[in-house]
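FYI, side chains are in, hydrogens and waters are out, and symmetry mates aren't considered; it's all heavy atoms of this structure. Counting starts at 1 for both ligands and their atoms, following the listed order. Being a predicted model, the structure only gives us computed values, none of them experimental. Here, residue 1 is the first one in the sequence, and each next residue gets the next number.
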Amino acid sequence: MGEWWRDAVFYAIYVRSFDDSDGDGVGDLPGIRRRLPYLRELGVDAVWLTPFYPSPGADHGYDVADYVDVDPLFGTLSDFDDLIVEAHALGLRVIVDIVPNHTSSAHPWFAGDRSRYVTVPAGNGLPNNWPSTWGGPAWTLDEERGEYYLHLFAPEQPDLDWHEVQVRADFDEILRFWLDRGVDGFRIDVAHGLVKNAALANEPEPIPAARFSSDWRTAIDQPEVHDIYRDWRELADSYEGDRVLVGEVTFSDQKRIAPYLRPDELQLAFNFSLMFQPWEAEAMRTSIDESLVALPIVTWVVESHDVTRIVTRFGPRAARAASLLLLALPGPVFLYQGQELGLEEVDLPDELRQDPIFFRTRGERKGRDGCRIPLPWTRDLPERSWLPLPAGWSDLSVEAQLEDAASTLALYRAALRQRPGGEFRWVESPDGTLVFARGGTLCAVNLAADDLPLPDGELLIASDAIVDRLPRETAAWVRLRG
Ligand code: BGC
Ligand code: MG
């Protein structure tokens with residue numbers, strides 16, 4: 001099928017926290033494999049696996065020590081192969097995460113001559129004013145070697161130098177390795193960041209660390225990065241089966257994403273703008289409009305392994321309504337594991353925290369562990385898990401929700417079976433509400449109005465038990481008559 005990704009629903013699997021098949025407290029590939037029927041029943045089209053490569057785990061896998069193998073913690077290459085075969089047999093596609101901006105400091109390349117990395121001889125202090133996304137300067141002095149090396153993230157994640165042809169050749173091989181094993185594409189980590197300003201020129205304004213590189217002016221988003229994606233696209237297109245490249249291109253100005261989506265570059269790039277909107281009609285409407293105007297195709301997402309869950313951001317009722325909003329928008333959607341269970345952000349005690357953000361900011365930013373708690377599959381919660389599950393999650397478990405027709409899981413399953421298609425068009429509606437049409441179906445969302453009369457037609461689905469009016473924090477899809 002051509003361009004299957006155009007309106008696909010992807011499901012993000014944070015491998016460590018999805019399903020632990022061997023009871024060591026950490027999710028693994030066989031765990032994912034045995035849950036493929038669950039994902040198929042849920043109704044998603046594809047899964048994205050976060051990094052499962054050998055890694056010391058300084059950033060839970062986003063510090064890769066070997067790009068062409070599986071960390072024994074998660075399984076083996078043959079587990080991976082089985083997973084792909086079984087997913088495909090069930091009609092599910094699989095994309096994997098590729099982390100080309102940086103390696104782990106434990107990668108053999110970094111132990112070698114470091115010609116693949118961005119380094120500067122020590123001498124006159126810090127090479128420039130670039131900050132690490134997680135606090136402190138983006139440079140670490142290696143005293144033994146007498147040089148600074150660059151890391152936009154943690155010091156254990158040295159940045160590769162994409163001006164080096166060897167790096168490009170290496171990654172061509174890496175992409176081929178996984179394409180040959182049957183992956184349906186890649187999610188590209190920090191896709192706008194690979195190529196650094198060749199002169200290592202200062203940023204004109206200080207970058208707020210918490211902004212996750214979205215407002216860099218000088219350091220990244222260099223014209224040469226597009227050559228890489230033109231090459232990668234050619235490579236992906238040389239394989240049969242419409243392999244997809246999805247970029248993590250993070251800018252607060254959506255217009256800066258558009259060049260990455262030119263016809264010979266990436267097919268998709270995340271649109272994070274909805275992630276940063278409050279539960280307010282005007283803010284959401286503006287974000288949706290700006291995205292639709294700025295980009296040829298918008299990849300919608302409200303949750304990920306990097307941000308606070310929507311139940312906590314919006315409240316549980318609003319989060320259910322938000323799911324109907326999200327799934328009615330035109331284009332591909334990414335769901336994050338547990339979103340379909342209505343899991344909330346967990347406030348962990350500091351001594352259990354694991355995210356490097358917590359440590360690098362000396363606790364000032366709590367980090368992302370709260371959205372990375374392992375999924376509750378059964379009412380009996382696991383005894384061992386790398387982050388503890390709250391006792392209350394027994395009732396939120398897949399087992400419990402499958403027995404409850406009013407559960408969030410039931411809502412997602414029903415919505416995914418009848419996502420509307422067709423042309424997108426706003427319909428006038430009172431303040432505090434959002435109403436739009438997709439072809440002959442209306443999506444009505446009441447964010448903050450007292451109530452919203454339901455349009456005339458067949459009620460397809462509602463985020464809560466409703467009759468003919470939508471109270472605050474509810475949403476519905478209605479098929480128009482005629
Ligand atoms: C990933 C994060 C990771 C960072 C550094 C992000 O885009 O989603 O989880 O920490 O890249 O690799
Ligand atoms: Mg395990």
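- Heavy-atom proximity to atom 12 (O) of ligand 1, evaluated over I357, D306, V307, D189, is greatest for D189.
- In summary, R33 and D81 do not engage in a salt bridge, as defined by a charged side-chain N under 4.0 Å from a carboxylate O.
- In this structure, a donor-acceptor pair under 3.5 Å is present between the side chains of S21 and D28.
- Of all the heavy atoms of W134, the ones lying under 4.0 Å from any atom of ligand 1 belong exclusively to the side chain.
- Close approach of ligand 1 to R372 (heavy-atom distance below 4.0 Å) involves ligand atoms 9 (O).
- The distance from ligand 1 to the heavy atoms of H305 drops below 4.0 Å at these ligand atoms: 1 (C), 2 (C), 8 (O), 9 (O).
- Atom OD2 is the N/O/S atom of D28 found closest to the Mg ion (ligand 2).
- Less than 4.0 angstrom separates some heavy atom of H102 from each of these atoms of ligand 1: 5 (C), 12 (O).
- A ring pair (Phe, Tyr, Trp, His ring centres under 6.0 Å) with W178 is found for one member of F171, Y67, F80, F186 and no other, namely F80.
- Checked options W134, Y62, W130; the residue passing with F153 is W134 (criterion: ring pair (Phe, Tyr, Trp, His ring centres under 6.0 Å)).
- When distances to the Mg ion (ligand 2) are checked against a cut-off of 2.8 Å, V26 contributes an N, O or S atom below that limit.
- Taking the Mg ion (ligand 2) as reference, the nearest N/O/S atom within D22 carries the name OD1.
- If you check the side chains of W139 and N128, you find a donor sitting under 3.5 Å from an acceptor.
- In this structure a side-chain-to-backbone donor-acceptor pair under 3.5 Å is missing from W393 to L381.
- A donor-acceptor distance shorter than 3.5 angstrom exists from the side chain of E203 to the backbone of T218, with no hydrogens or angles considered.
- Where the criterion is an N or O separation shorter than 3.5 Å, residue side chain and backbone included, R368 meets it with respect to ligand 1.
- Results of the ring pair (Phe, Tyr, Trp, His ring centres under 6.0 Å) test with F270 over W48, Y260, F10 single out W48 as the only residue that passes.
- By the criterion of a heavy-atom distance under 4.0 Å, neither the backbone nor the side chain of H151 is placed next to ligand 1.
- Rounding to 10 degrees, one finds that the Mg ion (ligand 2) sits at the corner of an angle of 80° between D24 OD1 and D20 OD1.
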